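Everything on this sheet refers to the single structure shown next.
Every chain is numbered from 1 and lettered A, B, ... according to where its sequence line falls, protein lines coming before strand lines. The structure displayed is predicted, hence computed values, not measured ones.
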2 protein chains.
Amino acid sequence: MDDLTEMLKGTLEGCVLEIIGSEETYGYAITRRLNDLGFADVIEGTVYTILLRLERNGLVQVTKRPSGVGPPRKFYELNEAGREELAKFWAKWQYVSSRIDRLKEGRG
Amino acid sequence: MDDLTEMLKGTLEGCVLEIIGSEETYGYAITRRLNDLGFADVIEGTVYTILLRLERNGLVQVTKRPSGVGPPRKFYELNEAGREELAKFWAKWQYVSSRIDRLKEGRG
DNA sequence: AGTGGTACTCGGTATCACACAGTACCGCTT
DNA sequence: AAGCGGTACTGTGTGATACCGAGTACCACT
C-alpha cells in the first residue's frame, strides 16, 4: 500500500497510546509492532517524536532499563491522563470512521 | 464531538471527492453536506482550499453558473483522474481503517 | 577492528485543516 | 434607498503532525 502518511495524521498517536496501554513497551518495539500491523512505512523517527510528545504532555510514565542487546530502553506506561486520552481517541475514531463508512456506503 | 481536525487530515479531501463523485455540486453546498454528515466544524475556507487543490491537481472539471440567490457558483465534476484518485482513496481508507479496528479489538 | 542489529535524539521539511479577513451577489425588510 | 442576512468565492497566514536524514551510542559476533 502506497503512501499513508496523510491518512495516519491524528491516528498514529492514538495507535501508539493503544500499544502502550496494552503492554509496557519501548520505542523500537513499538515501531516494529506498527510495521507488523501493516503500517510498514512508519519509521523510528516518527515514533520517537510521538513518544516525546506523549511524555511532554504528561500522558505516560517513563522508566529506563538496560537492554542486554543494545543501549538502554525507555519503557513507557500510560498514566491516568494517558488512559483518558486513549478513551477519547477511540471515541473520536468511532465517530469519524462510522460517518466516513456511511458516506462510502452512500447512506450519508 | 470536540476537535476532529487532526483525524480528518488526509480523509477530508477524499470525502469531498466522494461528494463530488456522487453528484455535480459546488463549494458552499459541499460544506453544508459535510456539516450534515456530522463534521459540524468544517468551515467554508477549509472546503475551498481543498477544491482549489483538486483543481490544481487536475482531478476535477469546473463550470461556473449563475445562482439566482447569490453570486455565481463553481460546479465541480470528477474527471477520469479524479475517479481514479477516489478509488485509491477508498482503498487506502479500507486498508487503514481495518487495521486500526483490528488494533482496537486487540486482534492486532 | 569491523559489521550489523538494537536504541534514542534532534533539526528541518511538506502537507494538511483551519482561522481570519476580504469581496461580492441577491432578496427582503424598514 | 439603505441596511441586513444568507449565499458564495478568494487569499494569506498559522499550527499540528508525520516524515526525513544525520548523528550518537550500546552490544554481540566474527
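Taking the six-membered ring where tryptophan is involved, the planes of A/Trp93 and B/Trp93 are tilted, since the angle between them lies from 30° to 60°.
For the OP1/OP2 pair of C/dT6 and a distance below 4.0 Å, the side-chain nitrogens and oxygens of A/Tyr28 include at least one atom meeting the criterion. Phosphate contact (OP1/OP2 of C/dC8, side-chain N/O of A/Tyr48, threshold under 4.0 Å): present. When the side-chain nitrogen and oxygen atoms of A/Lys64 are compared with OP1 and OP2 of C/dA7, none of them lie within a distance under 4.0 Å.
Between the CG atom of B/Asn35 and the C1' atom of C/dC18 there is a distance of 14 Å, given to the nearest Å. Straight-line distance from the CD atom of A/Glu55 to the P atom of C/dC10: 11 Å, rounded to whole Å. Rounding to whole angstrom units, CZ of residue B/Phe75 and P of D/dC9 are separated by 8 Å. Atom CG of B/Leu17 is separated from atom P of C/dA17 by 11 Å (rounded to the nearest Å). Across the protein-nucleic acid pair, A/Glu44 atom CD and C/dC10 atom P stand 16 Å apart, rounded to whole Å. Distance, A/Arg56 CZ to D/dT17 C1': 11 Å, rounded to whole Å. Across the protein-nucleic acid pair, A/Arg65 atom CZ and D/dC26 atom C1' stand 18 Å apart, rounded to whole Å. D/dT10 atom C1' lies 12 Å from atom CG of B/Leu51, rounded to whole Å.
A salt bridge is defined here as a Lys NZ or Arg NE, NH1 or NH2 lying under 4.0 Å from an Asp or Glu carboxylate O, and B/Glu13 with B/Arg53 meets this definition. A salt bridge between B/Glu24 and B/Arg65 is present, with a side-chain N of the basic residue lying under 4.0 Å from a carboxylate O of the acidic one. With salt bridges taken as basic N to acidic carboxylate O contacts below 4.0 Å, one links B/Arg32 and B/Glu44. With respect to B/Glu105 and B/Arg102, no salt bridge is recorded, no charged nitrogen being found less than 4.0 Å from a carboxylate O.
The two residues A/Thr11 and B/Met7 make their nearest non-hydrogen contact at CG2-CG, 3.9 Å.
For B/Asn57, the CG atom sits in a packed shell: over 12 heavy atoms of surrounding residues, nucleotides or ligands are nearer than 6.0 Å.
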Polar pairs (N or O, both sides) under 3.5 Å between protein and nucleotides 18-22 of chain D?
from	atom 1	to	atom 2	distance (Å)
D/dA18	OP1	A/Glu13	N	3.4
D/dA18	OP2	A/Arg53	NH2	2.6
D/dC19	OP2	A/Thr46	OG1	3.3

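At a threshold of 4.0 angstrom between heavy atoms, the contacts of A/Pro66 with the nucleic acid are absent.
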